[in-house]
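Single-structure report; data block below.
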Amino acid sequence: MIAHLTLAGTIHVVLALLCSAVGLIQFLRPKRGAGHRARGYFYVYAMLVSDGTTFLIHKFTGHFNVFHVAAIVNFGCIVLAVVPLLRMPRPSNWRSIHYHFIAWSYVSLLSAAAINTTLRLAPVTTREQAGVAALVVSIATMAIAYLVIRRHRPPADVTTPGAGLVERSGAPS
């Protein structure tokens with residue numbers, strides 16, 4: 001790994017890279033079954049640890065910065081994505097809620113990676129240049145992600161008013 005990384009930085013980078021790969025697999029594979037659940041649990045737990053280690057890293061500014069705020073937002077997205085899965089009975093729109101929040105969590109991860117890479121590779125010399133570069137990369141990432149997320153969203157969970165009555169009456173369907 002990179003020689004100047006601390007233990008927290010190494011854990012953060014390794015888990016973030018693994019989550020990038022697992023998130024892509026989750027996006028490309030069918031959304032049902034034990035494999036999806038196992039990869040999902042890995043992603044959630046690994047992202048929670050990665051977000052946590054973010055608070056131990058102060059490389060760019062030496063103090064709390066925009067990456068820490070992004071980790072808090074990402075943590076919130078993950079929690080909001082998991083809550084509908086844990087509720088019983090699940091809300092009627094649980095798939096849509098889960099999909100959107102976990103997708104934006106993944107976008108947050110990719111955006112942070114793109115910003116971090118840009119700031120390390122681009123000839124940025126001032127804080128203002130870093131801020132502008134981060135803003136441009138973030139807006140571009142979110143714009144592309146918005147289109148992809150919208151295109152691949154799950155179908156709406158629509159229940160017809162009569163469907164619940166048939167199920168409750170015990171009549172065969």
Side-chain angles (χ1 to χ4, degrees), residues 11-55 57 66-118 133-173:
I11 291 169
H12 175 77
V13 168
V14 168
L15 290 178
L17 289 172
L18 287 171
C19 285
S20 295
V22 169
L24 180 61
I25 293 167
Q26 287 291 78
F27 177 72
L28 296 174
R29 302 279 303 160
K31 307 298 183 266
R32 296 183 181 204
H36 179 76
R37 276 191 303 278
R39 287 184 303 270
Y41 280 120
F42 174 83
Y43 178 84
V44 166
Y45 292 133
M47 279 308 305
L48 293 176
V49 172
S50 182
D51 286 343
T53 57
T54 301
F55 296 101
I57 302 168
V66 70
F67 286 110
H68 299 109
V69 173
I72 294 168
V73 170
N74 192 24
F75 178 82
C77 284
I78 290 170
V79 169
L80 292 170
V82 171
V83 166
L85 301 176
L86 301 177
R87 289 182 57 199
M88 287 299 164
R90 288 182 176 159
S92 61
N93 62 343
W94 71 270
R95 277 188 181 91
S96 178
I97 293 169
H98 174 70
Y99 171 76
H100 283 92
F101 280 112
I102 209 72
W104 283 107
S105 164
Y106 187 65
V107 171
S108 174
L109 172 65
L110 295 182
S111 182
I115 291 168
N116 200 325
T117 303
T118 300
L135 182 64
V136 168
V137 170
S138 182
I139 289 172
T141 304
M142 287 190 293
I144 294 166
Y146 174 79
L147 297 173
V148 173
I149 289 170
R150 190 163 181 222
R151 179 179 172 138
H152 295 281
R153 67 181 177 250
D157 296 325
V158 180
T159 57
T160 59
L165 296 175
V166 172
E167 291 172 4
R168 282 185 249 143
S169 69
S173 47

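The structure presented is a predicted model; accordingly, all values stated were derived computationally and were not measured. Sequential numbering from 1 along the given sequence is applied to the chain's residues.
- Screening T141, I144, V148 for a side-chain contact (heavy atoms from CB on, under 4.5 Å) involving V107 leaves a single residue, T141.
- Side-chain atoms of W104 and V73, non-hydrogen and from C-beta on, never get closer than 4.5 Å to each other.
- Here the CD1-CD1 distance, from I102 to I97, works out to 13.0 Å after rounding to the nearest 0.5 Å.
- With sequence neighbours excluded, no residue satisfies side chain to side chain donor-acceptor pair (under 3.5 Å) with R37.
- Atom CD1 in I115 sits 5.5 Å away from atom CZ in F67 (nearest 0.5 Å).
- Contacts of Y106 classified as side chain to side chain donor-acceptor pair (under 3.5 Å), with partners at least two apart in sequence or in another chain: none.
- Partners of S108 by side chain to side chain donor-acceptor pair (under 3.5 Å), not counting sequence neighbours: none found.
- Screening residues 32-55 for ring pair (Phe, Tyr, Trp, His ring centres under 6.0 Å) gives F55-H68 as the qualifying pairs, with residues at least two apart or on separate chains.
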Could you go through I78 and D51, starting from their C-alpha distance and side-chain angles, then the distance that decides it, and tell me whether this counts as side-chain contact (heavy atoms from CB on, under 4.5 Å)? CA-CA 10 Å; I78 290 170; D51 286 343; 4.1 Å; yes
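- Few gaps surround CZ on F27; more than 12 heavy atoms of other groups in view lie less than 6.0 Å from it.
- Considering every non-hydrogen atom in both P84 and W94, the closest pair reads CB-CB, 4.0 Å.
- Between I149 and Y99, some side-chain heavy-atom pair lies under the 4.5 Å cut-off.
- Residues T118 and V136 form no side-chain contact, since every pair of their non-hydrogen atoms from C-beta on lies 4.5 Å or further apart.
- Identified under the side-chain hydrogen bond (donor to acceptor under 3.5 Å, both in side chains) test for residues 75-87, with sequence neighbours left out: none.
- Note: I139 CD1 to S111 OG = 10.0 Å, rounded to the nearest 0.5 Å.
- How far OG of S20 is from CD1 of I25: 11.0 Å, rounded to the nearest 0.5 Å.
- For the pairing with S50, the side-chain contact (heavy atoms from CB on, under 4.5 Å) check across V13, L109, L15 returns one residue only, L15.
- When the side chain to side chain donor-acceptor pair (under 3.5 Å) test is applied to T53, the partners found at least two apart in sequence or on another chain are H12.
- The CZ atom of R29 sits 6.0 Å away from the CZ atom of R39 when rounded to the nearest 0.5 Å.
- Of the inter-residue distances, the one linking R150 atom CZ with H100 atom NE2 reads 9.5 Å to the nearest 0.5 angstrom.
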